[in-house]
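Remember, it's 1-based here, ligands and their atoms both numbered in the order they're listed.
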Amino acid sequence: MAVNTAARLALTRRPRRLRRTEAIRSLVRETHLRPDCFIYPLFVCDGSSVRRDIRSMPGVQQLSVDEAVQEAVAARDDGVPGVLLFGLPPSKDATGTLAADPEAPVQSAVREMKRAAPDLVVITDVCLCEYTSHGHCGILDGEEIANDVTVAHLVQVALSHAVAGADFVAPSDMMDGRVAAIRQALDERGFERVGIVSYAAKYCSAFYGPFREAADSAPQFGDRRSHQMDPANVDEALREVETDLAEGADIVMVKPALTYLDVITKVKQRFQQPTAAYHVSGEYAMLKAAAANGWIDERRAMMETLTAIRRAGADIIITYYAREAARLLAAR
Ligand code: PBG
């Protein structure tokens with residue numbers, strides 16, 4: 001059928017004008033991804049020259065301290081300003097003793113990273129689940145996590161990270177009162193410069209599955225519903241964030257990211273504080289799996305995802321894609 005190119009609509013608005021060329025599109029673009037909003041999570045284990053693949057997270061590895069330092073420096077060279085460290089201790093016990101050990105993988109990695117790259121922002125995850133034999137985030141009383149006893153342990157963990165030289169500690173345990181307790185302990189010990197990134201609105205999510213393989217932290221019985229948030233709630237997320245800010249959090253986090261974009265938006269709008277979102281392991285694994293099957297274009301899906309998180313209101317995005325996305329942005 002012949003197209004009648006002479007046909008004309010009398011339109012006052014033609015939004016397509018602003019989409020005609022890449023130069024015009026970039027002129028009117030509202031959200032910009034930059035490498036300096038990324039934080040790169042790393043899993044640090046014992047030994048040396050270890051790079052152990054994680055089956056469910058292609059491209060992510062468990063790294064010994066020396067390799068983790070190299071990876072952090074490489075990320076910094078890609079333009080990523082900071083890392084978030086998780087530890088795989090050589091052994092576990094009921095109270096997660098090694099979490100506060102000055103010679104454990106995380107504490108060693110912090111010291112080495114600050115030596116190799118003093119300007120790198122080093123953030124440490126503070127939780128007991130990777131360190132307890134039962135995989136729970138705290139000290140058990142029967143089958144329940146005892147809140148205040150756990151907080152006392154978390155304070156010791158956070159202090160050991162601060163002593164090692166961490167810029168921020170990031171409690172991810174979701175115990176009540178931990179931000180205040182950590183803040184007070186840091187200040188008493190002269191670490192008032194060490195900040196707190198609180199996992200403020202951390203939901204009880206299916207999307208942490210691959211992480212639990214990576215960090216060997218799956219609970220041996222039960223689940224995390226007694227402390228992580230119900231995915232159905234958003235008012236509660238605002239109360240959590242308000243509480244953590246009042247207790248001294250410098251940066252608040254929403255986690256996961258994609259299924260909680262509305263929460264990110266509300267947190268940013270309500271409190272206007274530095275807000276981070278964690279693009280978690282399952283969200284990463286889904287993209288990797290679909291891409292491996294040839295079902296989606298991974299680079300486009302990655303950028304669209306990270307842009308969405310930023311558009312929702314996140315200032316900081318914690319993502320396993322940090323290096324890849326930073327390199328892609330630099331190549332543009
Ligand atoms: C707890 C912690 C978890 C994640 C970050 N910190 C797992 C959990 O709560 O079970 C998940 C991160 C991810 O899935 O990428 N230490």
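Taking every heavy atom of K255 and a limit of under 4.0 angstrom, the matching atoms of ligand 1 come to 2 (C), 3 (C), 4 (C), 5 (C), 6 (N), 11 (C), 12 (C). The atoms of ligand 1 that sit less than 4.0 Å from any heavy atom of E130 are 16 (N). Atoms of ligand 1 found under 4.0 Å from any heavy atom of Y278 (numbered from 1 in listed order, with element): 12 (C), 15 (O). Below 4.0 Å from some heavy atom of C129 lie the following atoms of ligand 1, by number and element: 1 (C), 16 (N). Against a heavy-atom cut-off of under 4.0 Å, D125 is close to the following atoms of ligand 1: 6 (N), 16 (N). Per-residue contacts place S172 under 4.0 angstrom from the following atoms of ligand 1 (heavy atoms of the residue considered): 1 (C), 2 (C), 6 (N), 16 (N).
Classification of D173 and K202 as a salt-bridged pair fails, no side-chain N sitting under 4.0 Å from a carboxylate O. Between D244 and R178, at least one side-chain N (NZ, or NE/NH1/NH2) sits under 4.0 Å from a carboxylate O, which counts as a salt bridge.
The closest non-hydrogen atom to atom 9 (O) of ligand 1, taken over H136, K202, H227, comes from K202.
Nearest to atom 15 (O) of ligand 1 among the protein's heavy atoms is Y320 OH, 2.6 Å.
Ring pair H161/F168: centre-to-centre distance not below 6.0 Å.
A search for side chain to side chain donor-acceptor pair (under 3.5 Å) contacts involving R115 returns E112, not counting sequence neighbours.
Residue pairs satisfying the salt bridge (Lys or Arg N to Asp or Glu O under 4.0 Å) criterion with at least one member in residues 252-270, sequence neighbours excluded, are listed as follows: K268-D315.
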